[in-house]
Every structure is written in structure tokens, then in C-alpha cells.
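Worksheet: one structure, shown below.
This is a predicted model, so every value here is computed, not measured. Each chain gets a letter, A, B and so on, in the order the sequences are listed, and its residues count up from 1. Side chains included, hydrogens not; waters and symmetry mates left out as well; all remaining heavy atoms used.
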Number of protein chains: 2
Amino acid sequence: MAYSKSEFFNREDEQLADIAKALSHPARIAILKVLAARQTCICGEIVDELPLSQSTVSQHLKALKQANLIIGEIDGPRMCYCLNESICKKARSMLNSLFNKIKCC
Amino acid sequence: MAYSKSEFFNREDEQLADIAKALSHPARIAILKVLAARQTCICGEIVDELPLSQSTVSQHLKALKQANLIIGEIDGPRMCYCLNESICKKARSMLNSLFNKIKCC
DNA sequence: ATTGTATATCGCAAATATACGATAATAAAA
DNA sequence: TTTTATTATCGTATATTTGCGATATACAAT
């Protein structure tokens, strides 16, 4: 890539791209669905649901955390993850706003 | 990555991830917006709108084409790109369906 | 204090993505 | 037919992503 992409595109496009990037791996989609399906905020059961190692799942969780789509809280020796509803809503509305612009051709 | 991700996740998650991946770069978001903003389906003017070289823009167009989000038609010596409305709609509804599932915590 | 459980991080390898210039390919125009 | 314009592709360099095992860390339980 040679140099950073930033500075070249506007903030909105960058933000949207970041959200999309967080959603750009099936494992992360699956994680979000697991979190949504279980009423309680699940931690390591996610690992059991996915065909990936614990360390790899942890990485995907980190990516989702960095995108703010999920929140992790310490619960004794384990971690309790849950969806970040407000950011998810924002993500949804940003994506919808993009698709609203897409009508031409 | 060592080996292909496929076979491990369900089709829906893979499809969603592919759509998200197509949207995961600000240049590609910008391209979609340019196509949406101009009534006519523009070709190389896209290059002028972006802070990237012609070859790089061409690569991003290819990525959007492979995700089926845009369509390219030959128009004499130039290419006429336009949004693929139906696939965009499908993408939108798939993303909305994901976000509909996201309400818990 | 030691052990066990759960999770994050490190270190590595391989694959993919991003970017560019140079070149090829295509078609119109001269 | 040669030239010009437009776009795609190739080759290359670098960065990032993905994956895993191994290890570190944190806490609970014994």
C-alpha cells in the first residue's frame, strides 16, 4: 500500500468503510448473530459455535470491539460480550443512507 | 490464512461478508457515490474524482464488479459503469436483516 | 500457595489487499 | 494504417488480514 489511505477520503466514507470492514468476514457476522440470538451476553461459548481456534476467535472479537460493534465486560474469570446497540443502530443508518443515495442508472 | 475460509460458514454469512468486503474501502464507497450522483453512467471521470491512479481505480472498479454492485458496459473506446440497482437492493436488505437480528443485550 | 479455567496476546506463516508505473488491448479518429 | 484516447492487466513492493499454537494473564476454587 505504500502509504496511509487517510487524508485522502472524507470522514464519512472512511467511517462507512470501517464499519463494512468489521462486517467483512463470515466469522464476525456469525459472532454478531450468536450474540443477538442469545439473550444473555455470551463469552467463550462463541468459540464453541465457530470452526476456529480460540485465539482466532479472540482476534475477531477484538476487531468487532475496535469497531465498537460489541462491548466486552469482565465477569469474574470470563468475558461477557454483548452487542453495542447504539453503534449498531448508527452503522445501520449509515449504510441505509448510502443505499438511499444509490438509485440511479 | 493457510486455507480457504469457505466450507466453514453458511452461505448467508459468506454472502453478507462479501458484500461488506466490497464496501470496506473508502475509495469504493466514493465510487458508488459518484455513480449515484451522476445521472449518466460515468466511466473514467471516476478516476478524476479520486486521489488514486487510474490503475488503482480500475482495480477498485473490478472489485465492485465482482461483487455485482456495479455493471460495466462498453461504450466505444470507454467503459460506462453504473450501479446494479437490484443487487444493491438485495445488499441493503441483507444488511438490514442482519441488523434486525441485532437488538439484544 | 497451587491449580484450573477463561481469555488475550505474541510470534510466526501464508494469503490477500492496496498502490503504482508500465504495458497491453480496444476502438475511434485522423 | 497510424495515431490517439481509454481502460484493463501485469509485475512489483508493501501492508494488512487471517490463522494457529504457545504463552501470558487474570481470576476462582481448592
Nearest-Å distance for atom pair [atom1]/[atom2], residues [X] and [N]:
X: A:Asp48; N: C:dA6; atom1: CG; atom2: P; value: 9 Å
X: A:Leu61; N: C:dT9; atom1: CG; atom2: C1'; value: 14 Å
X: B:Leu23; N: C:dA17; atom1: CG; atom2: P; value: 14 Å
X: B:Asp75; N: D:dT7; atom1: CG; atom2: C1'; value: 12 Å
X: A:Gln59; N: C:dC10; atom1: CD; atom2: C1'; value: 10 Å
X: A:Leu52; N: D:dT18; atom1: CG; atom2: P; value: 11 Å
X: B:His25; N: C:dA17; atom1: NE2; atom2: P; value: 12 Å
X: A:Leu50; N: D:dG19; atom1: CG; atom2: C1'; value: 13 Å

Pairs counted only when both distances fall under 3.5 Å, Watson-Crick or G-U: show me the 5' to 3' dot-bracket for DNA chain C, [ ] for pseudoknotted crossings and | for other-strand partners. ||||||||||||||||||||||||||||||
Do [X] and [Y] have side chains that get closer than 4.5 Å, going by heavy atoms?
X: B:Ile31; Y: B:Leu61; value: yes
X: B:Cys82; Y: B:Leu35; value: no
X: A:Leu69; Y: B:Ile102; value: no

So, using side chain to side chain contact (heavy atoms under 4.5 Å, CB included) as the criterion, who are the partners of [X] when residues are at least two apart?
X: B:Ile74; result: B:Met79
X: B:Lys62; result: B:Gln66
X: A:Lys90; result: A:Gln15, A:Met94

Kindly say if [X] contacts the phosphate of [N], meaning a side-chain N or O under 4.0 Å from OP1 or OP2.
X: A:Lys21; N: D:dT17; answer: yes
X: A:His60; N: D:dT17; answer: no
X: B:Tyr81; N: D:dA8; answer: yes

Under 3.5 Å, is there a donor-acceptor pair between the side chain of B:Arg28 and the main chain of B:Lys21?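 Yes, the answer is positive, given that a donor and an acceptor are paired below the 3.5 Å cut-off.
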Using modelled atom types only, decide if a donor and an acceptor are shared between the side chain of A:Asp13 and the backbone of B:Ile29 within a distance under 3.5 Å.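 Side chain of A:Asp13 to backbone of B:Ile29, a donor-acceptor pair under 3.5 Å: no, none is there.
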Between the protein and nucleotides 21-27 of chain D, which nitrogen or oxygen pairs come in under 3.5 angstrom?
from, atom 1, to, atom 2, distance (Å)
D:dG21, N7, A:Ser55, OG, 3.3
D:dG21, O6, A:Ser55, OG, 3.2

Give the table of side-chain donor-acceptor pairs shorter than 3.5 Å for residues 45-52 of chain B, with sequence neighbours excluded, one pair per line with atom names and distance.
from, atom 1, to, atom 2, distance (Å)
B:Glu45, OE2, B:Arg38, NH1, 3.2
B:Glu49, OE2, B:Arg38, NH2, 2.2

Out of D:dA8, D:dT17, D:dT7, which has the shortest distance to the side chain of B:Arg78?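 Taking heavy atoms from C-beta onward, the closest nucleotide is D:dT7.
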From the set C:dT9, D:dC20, C:dA8, return the single nucleotide nearest to any side-chain atom of A:Lys62.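 That would be C:dT9.
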